[in-house]
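For reference, the structure is listed below as structure tokens.
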Amino acid sequence: MANTLWYNIAIFLLISSFLADNAVVVLDAFHHVPNKIKNQPYRTGYHFQPPKNWMNGPMVYKGIYHLFYQWNPNGAVMEVNDTVWGHATSTDLINWITHSPAIKPSRPSDINGCWSGSVTILPDGKPVILYTGNDRYNRQVQNLAKPKNLTDPYLRHWTKSPENPLVTPNAVNHINSTAFRDPTTAWIGRDGQWRITTGSQEGRRGLAILHTSRDFVRWKKSPKPLHYHDGTGMWECPDFFPVARSDSHGVDTTTFREKMIKHVLKVSLSDTYFDYYTIGTYDQVRDVYVPDNGFVQDKTAPRYDYGKFYASKTFYDSVNQRRILWGWVNESSPEKDNANKGWAGLQAIPRKVWLGESGKRLVQWPVKEIERLRTTQVKWGNKVLKGGGTVMEVHGVTASQADVEVFFKVSGLDLEKADVIEPGWTDPQMICSLKNASSGLGPFGLMVMASKNLEEYTSVYFRIFKVREDSKEHVVVMCSDQSRSSLEKGNDKTTYGAFVDISPYQTLSLRTLIDNSIVENFGGKGKACITSRVYPKLAVGERTHLFAFNKGSQNVDVLSLSAWSMKSSL
Ligand SMILES: *[C@@H]1O[C@H](CO)[C@@H](O)[C@H](O)[C@H]1NC(C)=O
Ligand SMILES: *[C@@H]1O[C@H](CO)[C@@H](O)[C@H](O)[C@H]1NC(C)=O
Ligand SMILES: *[C@@H]1O[C@H](CO)[C@@H](O)[C@H](O)[C@H]1NC(C)=O
Ligand SMILES: *[C@@H]1O[C@H](CO)[C@@H](O)[C@H](O)[C@H]1NC(C)=O
Ligand SMILES: *[C@@H]1O[C@H](CO)[C@@H](O)[C@H](O)[C@H]1NC(C)=O
């Protein structure tokens, strides 16, 4: 599917020190959100969405965050040939100003679409963009663009290199011309040369092709790809970055203190539309990436998010020394509904991402800036959710736009009584989808985007199983069930599930960001994430309710629950 490429994102964090001096810059009022769109029930309040039409696609330069996203200026559907680099900036990752597109098709090397790519900040502090152009022969080629005016803090205008295209697929380099896209942020290898990796496909082999360059203009294909795996199909939007072994600080792309870091390779598989990552080592001598034991770069690899989340990218936020992950979230409604709404797709709340203590999983948490949108807080102290079917409403919060965090506790005695997991239950989504799964420990959790009488709700919950009858080891599953999310029939209501790598003898936490038609869940303090899209008919705006529930047979304690109403961002 050649037309899946544009969910891509270039991430770019440019931090601007001259913000203070330039506080009164007159911005293009390029994207005006028409009222008929502004007032729609499913339009989100605090997630980044383009003013209209279809989107998908980020940097920090001199204190200003830049989000570049794949955007179709002409409609709420994907039209590869029309794709431009939409551009928005922010000082806090939450409130965004949209500018006119940074890059539009105009040259033979990108006339059929300006597709995804990445930003690299050069050692002199200047950002450059590498992006895929769909050229006049419909070949995928790699192009370079530079800011026209570096004193403009918003970097509104970009100049394409006269040398474009810089890399062209051909018979000599054996690159597949319809499967060569989404170059990563460049890094410098031991030999002092730049490197980029680009997604590709040869037969059913997915690969991340490696190129090197001394000057960022002339690129040479390396004899070996950075990594590949057979049977996976096309690798879209590869992302390759270091993470610190011992703490949650972000690490810049060109950091090679080998004892201190691990590397992550993420690929977006166009076969499944999910983002999979492995953790491993970048062998600088052989110039290849080697996943750690237990990781395979295919659809058995862990996912950033077990719901809807694709074509994500990270960038290093040099201002706050963290690595930030941005993902694109598609609609779950039919295309005709998207056409009626006049827009489609949005960005998940940016997440800080780091290596968890186990060294085997990444952990994600909404950037702290989001907390500035919190207003009224509702708080529960200790409450028991009695076994056998308890549903308790959380009153006093704008349930259609909220940030909720709840800490559950199950008694050790009850944990010993948990059902044993069936031997074949290795797929959490399947476990969550089984309507007949017997009770015991759970399900307990939240019912969000719910109508007053529960004609509609989306339930987000935990279930706990024992590994074996005689064992004190447990498996915790987190589910997001959309099957009752809307009285409307046409939407995709797949139930999602993820294993959460925590011991239930400790507290089980769930954080849920609710925003009109999107629900983002973070289980176990960010060890497992599930994002879903819902379109209720009754549970709209003020008619939306929030409940905590326990449908298992044993009691579950809520140690605390906080729910905040959320303001809308700009
Ligand atoms: C648009 O792009 C597609 C796929 O790359 C190509 O087949 C088609 O010819 C292009 N259309 C035009 C009008 O250039
Ligand atoms: C560059 O940007 C600065 C700040 O916005 C502006 O004052 C200046 O006029 C711009 N220069 C050109 C050549 O456009
Ligand atoms: C080239 O990529 C296309 C996807 O665009 C794929 O269908 C095809 O099998 C690839 N061709 C070869 C020779 O690998
Ligand atoms: C996005 O959602 C639309 C329906 O709204 C669907 O047709 C399309 O296949 C989806 N694309 C991806 C990449 O998930
Ligand atoms: C539940 O249903 C699945 C198939 O949907 C079946 O394989 C399983 O045996 C059933 N379990 C019980 C306990 O009935």
Side-chain angles (χ1 to χ4, degrees), residues 1-9 16 18-19 21-28 42 53-57 61-62 64 70 72 75-80 89 99 115-116 132 134 138-140 147-159 169-171 173-182 198-207 209 225 228 230-237 268-275 305 307-312 327-346 488 490-494 517 531-535:
M1 294 262 309
N3 50 352
T4 59
L5 14 148
W6 342 295
Y7 316 134
N8 201 351
I9 295 161
S16 184
F18 32 75
L19 202 49
D21 307 342
N22 290 269
V24 210
V25 175
V26 181
L27 295 163
D28 331 52
Y42 303 139
N53 301 349
W54 187 83
M55 80 158 298
N56 101 356
Y61 176 63
K62 299 191 173 182
I64 298 186
Q70 296 278 279
N72 172 10
V77 289
M78 302 178 234
E79 286 295 349
V80 266
T89 56
H99 305 287
W115 297 347
S116 200
T132 301
N134 192 22
N138 286 306
R139 289 180 311 177
Q140 298 170 15
K148 197 173 255 172
N149 179 359
L150 283 162
T151 53
D152 168 15
Y154 300 99
L155 301 174
R156 279 166 289 188
H157 304 288
W158 292 76
T159 311
N170 57 44
N173 60 24
H174 299 290
I175 298 178
N176 185 342
S177 68
T178 58
F180 181 46
R181 54 186 180 263
D182 313 336
T198 309
S200 190
Q201 169 178 14
E202 285 170 13
R204 288 287 301 150
R205 171 178 292 185
L207 66 163
I209 295 175
Y228 65 89
D230 289 341
T232 56
M234 180 66 193
W235 287 10
E236 295 194 291
C237 307
S268 302
L269 293 186
S270 70
D271 272 11
T272 61
Y273 292 143
F274 295 132
D275 280 10
D305 191 296
K308 279 218 146 126
F309 192 90
Y310 192 61
S312 65
W328 169 69
V329 185
N330 194 14
E331 300 301 309
S332 294
S333 48
E335 267 181 22
K336 67 169 178 18
D337 290 17
N338 303 343
N340 288 339
K341 292 197 307 261
W343 54 273
L346 48 83
E488 189 71 45
N491 305 311
D492 171 6
K493 295 179 185 168
T494 308
S517 65
T531 297
S532 63
R533 300 297 311 275
V534 296
Y535 312 90

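Order of listing sets the numbers, starting from 1, for every ligand and every atom in it. Quantities reported herein were computed from a predicted structural model and do not represent experimental measurements. Along the sequence shown, residues carry numbers from 1.
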So, the side chain of Asp182 versus the backbone of Gly199: is there a donor-acceptor pair under 3.5 Å, distance only? no

Judged on heavy-atom distance to atom 9 (O) of ligand 3, which of Ser270, Gly203, Ser177 sits nearest? Gly203

Ligand 4 contact by Tyr273, heavy-atom criterion under 4.0 angstrom: yes

Would you check whether Glu202 has a nitrogen or oxygen atom less than 3.5 angstrom from a nitrogen or oxygen atom of ligand 3? no

The one among Asp152, Asn149, Leu150 that brings a heavy atom closest to atom 2 (O) of ligand 2: Asn149

Quick test of your reading of the structure: of Asn338, Asp492, Asn330, whose heavy atom lies closest to atom 11 (N) of ligand 4? Asn330

A quick test of your reading: do over 12 heavy atoms of other residues, nucleotides or ligands sit less than 6.0 Å from CZ of Phe274? yes

Testing the 3.5 Å rule here: is there a donor-acceptor pair between the side chains of Asn134 and Thr132? no

Region of Ser333 engaging ligand 4 - heavy atom pairs below 4.0 Å: backbone

So Glu202 and Ile209, do their side chains get closer than 4.5 Å, heavy atoms only? no

What atoms of ligand 4 come closer than 4.0 angstrom to any heavy atom of Glu335? 7 (O)

Can you find a pair of side-chain heavy atoms, one from Arg533 and one from Leu346, that are under 4.5 Å apart? yes

Distance under 4.0 Å to a non-hydrogen atom of Thr178: what atoms of ligand 3 satisfy this? 1 (C), 2 (O), 3 (C), 4 (C), 5 (O)

Would you mind listing which atoms of ligand 3 come within a distance below 4.0 Å of any non-hydrogen atom of Ala179? 2 (O)

Under the 3.5 angstrom rule, does the side chain of Tyr310 hit a backbone N or O of Thr272 as a donor-acceptor pair? no

Taking side chain to side chain contact (heavy atoms under 4.5 Å, CB included) as the definition, give me every residue that meets it alongside Asp337, ordered by chain and number, with sequence neighbours left out. Ser333, Pro334, Asn491

